[in-house]
Amino acid sequence: MATIDDASVTLTVSREDRPDVVVLRLAGELDLSTTPHLSERIDEVLGDGRTTIVVDLHAVTFCDSTGMSAFIRGHHLSSAAGGSLRLTGARGVVARVLKISGLDTLLSDDS
């Protein structure tokens, strides 16, 4: 698990490797200062040869356009490698942002 601490912003990303999928659990705010951390974790998963990723957003309290861009980037990279990136657990304002952008449908976790 890795954490970014800034005066007012924290993002924690924990990784759980399952046989068929890697789950990345996020907690905190996903914005310009923390999104690179998520992108690094996605790159690590793909670098390990794992191509199916579920991003659990249950504990994410904020997500801006840079966070959405990281989801799209991860989706493209995992798809190109023969896998997928799916989002699950979004609530409140994060769920609303994903719905407005259409990412809730594109990256929904149907499993």
Side-chain angles (χ1 to χ4, degrees):
M1 178 171 13
T3 303
I4 293 179
D5 284 311
D6 166 312
S8 62
V9 179
T10 302
L11 178 71
T12 302
V13 180
S14 61
R15 176 176 170 170
E16 178 187 349
D17 287 70
R18 297 181 183 172
D20 57 343
V21 65
V22 174
V23 178
L24 296 178
R25 285 189 179 80
L26 281 55
E29 297 183 357
L30 195 52
D31 61 18
L32 182 62
S33 66
T34 61
T35 293
H37 182 60
L38 171 60
S39 294
E40 289 170 7
R41 300 295 81 78
I42 291 170
D43 291 348
E44 286 175 5
V45 170
L46 294 170
D48 290 344
R50 304 295 303 270
T51 59
T52 304
I53 303 168
V54 171
V55 180
D56 183 347
L57 302 174
H58 182 81
V60 174
T61 58
F62 177 82
C63 179
D64 69 7
S65 62
T66 59
M68 291 188 297
S69 293
F71 299 145
I72 294 167
R73 178 183 171 276
H75 168 69
H76 287 292
L77 292 173
S78 60
S79 293
S84 64
L85 181 140
R86 298 287 176 243
L87 305 177
T88 189
R91 303 180 317 161
V93 68
V94 175
R96 184 168 181 220
V97 166
L98 294 175
K99 183 172 181 62
I100 290 168
S101 69
L103 289 182
D104 65 326
T105 303
L106 176 67
L107 302 178
S108 68
D109 183 20
D110 297 326
S111 55

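- Taking every heavy atom of both residues into account, Met68 and Cys63 meet most closely at N-SG, 3.9 Å.
- Arg86 contributes no side-chain N or O that, together with a main-chain N or O of Val54, makes up a donor-acceptor pair within less than 3.5 Å.
- Here the closest non-hydrogen pair linking Thr61 and Val94 is C-CG2, 3.8 Å.
- Of the residues listed (Leu77, Val55, Val45), the one engaging Leu85 in a side chain to side chain contact (heavy atoms under 4.5 Å, CB included) is Val55, and it is the only one.
- Annotation for Arg50 and Asp17: closest pair NH1-OD2, 3.2 Å, computed over non-hydrogen atoms.
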Task: Worked verdict on Leu57 versus Leu98 for side-chain contact (heavy atoms from CB on, under 4.5 Å) - done: CA-CA 11 Å; Leu57 302 174; Leu98 294 175; 3.7 Å; yes

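- Side-chain contact check for Phe62 versus Val97: every heavy-atom pair is 4.5 Å or farther apart.
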Open item on the list: Between Asp48 and Arg15, does the side-chain contact (heavy atoms from CB on, under 4.5 Å) criterion hold? Intermediate values first, please.
Closed with: CA-CA 13 Å; Asp48 290 344; Arg15 176 176 170 170; 2.9 Å; yes

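- Between Leu11 and Leu30 there is a side-chain heavy-atom pair separated by less than 4.5 Å.
- Scanning all heavy atoms of the two residues, the minimum distance from Ser84 to Ser78 falls at C-OG, 3.2 Å.
- Smallest separation of non-hydrogen atoms from Glu16 and Arg25: OE1-NH1, 2.7 Å.
- Put simply, the side chain of Thr34 gets close to the backbone of Asp31: a donor and an acceptor are under 3.5 Å apart.
- We find that Arg18 and Asp20 are not joined by a salt bridge, their nearest charged nitrogen and carboxylate oxygen being 4.0 Å or further apart.
- Under a 3.5 Å cut-off, the side chain of Thr52 and the backbone N or O of Val21 do not form any donor-acceptor pair.
- Residues Asp43 and Arg73 meet the side-chain proximity criterion, which asks for heavy atoms closer than 4.5 Å.
- Panel note: side chain Thr10, backbone Gly28; no donor-acceptor pair is recorded below 3.5 Å.
- With a 4.5 Å cut-off on side-chain heavy atoms, Ile53 and Leu46 count as touching.
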